[in-house]
Amino acid sequence: EIKKAAEESEEAVVIGGGLLGIDLAVAFAENGADTHYLIRGSNWWSRGLDEEGAGIIHDKLEDLGVNVVTDTEASDFISEDGEVTKVVSEGGEAFSCDNVAIAIGQTPNSEIVDVEKTDGGLIQVDEFLRTSDEDIYAAGNMVEYYSPVFEERTVKGSWDHSDAMGERAGKNMVAESSEERKAFDYVNTYGVGHFTTQFLAIGDWTGEPVSKKHDENHYRRLYFKDDRIVGAVMIGYTRGQEQLKEMIKDKEEFDDREALLEKSYWE
Ligand SMILES: Cc1cc2nc3c(=O)[nH]c(=O)nc-3n(C[C@H](O)[C@H](O)[C@H](O)COP(=O)(O)OP(=O)(O)OC[C@H]3O[C@@H](n4cnc5c(N)ncnc54)[C@H](O)[C@@H]3O)c2cc1C
């Protein structure tokens, strides 16, 4: 249905400056719709990127014909004869459209299982992915677990992570002894591959960042907690991604954080 809507649309509004909103903005633009992409923050994916890094992504979107509109919160829809015709921002600006695509977060559909959950409905598990009912394990986007890598309770949403989590939950469920049961110590990755310039986010995007824009297509941002490296965002220059995942998993500490931003470190 999204494909059909994108193919038929002449002018679209996409709401949500996150990892999924960008997919929708690209889908509408690539199918020829004049696309207004409304981002509430000052740049795309402000959770993990500063304006300098996101600027590279904005340029790529604009090359595809997307109108990137930052600092803009959608607040109202206007329709005629049951069809949406405009999205109005908090500031009163109106964006004409025949289609609206929204990617502003998700709500867990977890009523099916009666185990301990967060206030927001996420299923809670331990590091072995076991819920408060020892016969029930859980994996995926709607699960909050204790990560021995990040040493905190966390929720991660990506294909590779959910896949690995499901596999670990399954193995732990059929484990015949507690020694066979293993903690889930995966380091997640999320990629956006729409542009010739690859975007890759690894690990935890909170903590203290250092970043460097090498040129119009290459940027790297690294996240630290104390001196430990916990996450990375790469644009264009993705060399060393597996090594970085190992560093995060091994809890490596670095005094000279800036040195890791240089390409020479990874060559
Ligand atoms: C538009 C979009 C683009 C994305 N792009 C990327 C990307 O580029 N890279 C990336 O890494 N991740 C991406 N993701 C995120 C990725 O899809 C999720 O992280 C991943 O699918 C989560 O896996 P999951 O198993 O938790 O949930 P899901 O993949 O949603 O699977 C849950 C399944 O459970 C089924 N189900 C629900 N309730 C019941 C029930 N009561 N009984 C039986 N079955 C039930 C559902 O039908 C569904 O099949 C994207 C997500 C979206 C929505």
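Residue E180 qualifies as enclosed at atom CD: its count of foreign heavy atoms under 6.0 Å is above 12. Counting non-hydrogen atoms of other residues, nucleotides and ligands closer than 6.0 Å to CD1 of I2 gives a total of 12 or fewer. Counting heavy atoms of neighbouring residues, nucleotides and ligands inside a 6.0 Å radius, atom CD of E134 does not exceed 12 of them. Heavy-atom neighbours of D226 CG from other residues, nucleotides or ligands within 6.0 Å: at or below the threshold of 12. Within 6.0 Å of CD1 on I104 lie no more than 12 heavy atoms contributed by other residues, nucleotides or ligands. Atom CZ of R40 is surrounded by 12 or fewer heavy atoms from other residues, nucleotides or ligands within 6.0 Å. Counting non-hydrogen atoms of other residues, nucleotides and ligands closer than 6.0 Å to CD of E10 gives a total of 12 or fewer. Residue-environment remark: CG (D71) exceeds the threshold of 12 foreign heavy atoms within 6.0 Å.
K60 approaches N217 most closely through the heavy-atom pair NZ-OD1, 2.5 Å. Nearest heavy-atom pair, T72 versus S89, reported as atom, atom and distance to 0.1 Å: CG2-CB, 3.5 Å. In terms of heavy atoms, A6 sits closest to N31 at O-CB, 3.3 Å.
Note on K263 versus E267: no salt bridge recorded, every NZ/NE/NH1/NH2 to OD/OE distance being 4.0 Å or above.
Checked by atom type and distance alone, the side chain of S147 never pairs as donor or acceptor with a backbone atom of T154 at under 3.5 Å. Judged purely by atom type and a 3.5 angstrom limit, Y223 uses its side chain to pair as donor or acceptor with the backbone of G48. Judged purely by atom type and a 3.5 angstrom limit, R153 uses its side chain to pair as donor or acceptor with the backbone of E144. Looking at S110, its side chain never comes within 3.5 Å of a backbone N or O of L122 through a donor-acceptor pair.
Ring pair W44/Y37: centre-to-centre distance not below 6.0 Å. Proximity of the aromatic rings of H36 and F28 is defined here by a centroid distance below 6.0 angstrom, and this criterion is not met. Taking the six-membered ring for Trp and the full ring otherwise, Y190 and W205 have centroids separated by 6.0 Å or more.
Scored by the side-chain contact (heavy atoms from CB on, under 4.5 Å) test, E151 finds Y146, R228, K251 as partners (sequence neighbours excluded).
Ring geometry for F184 versus H161: interplanar angle over 60°, hence perpendicular rather than tilted (30 to 60°).
With a 4.5 Å cut-off on side-chain heavy atoms, E11 and F95 do not count as touching. Counting heavy atoms from C-beta on, the side chains of K171 and R168 come closer than 4.5 Å.
Of the listed residues (T70, D63, V66), just one forms a side-chain contact (heavy atoms from CB on, under 4.5 Å) with H58, and that residue is T70.
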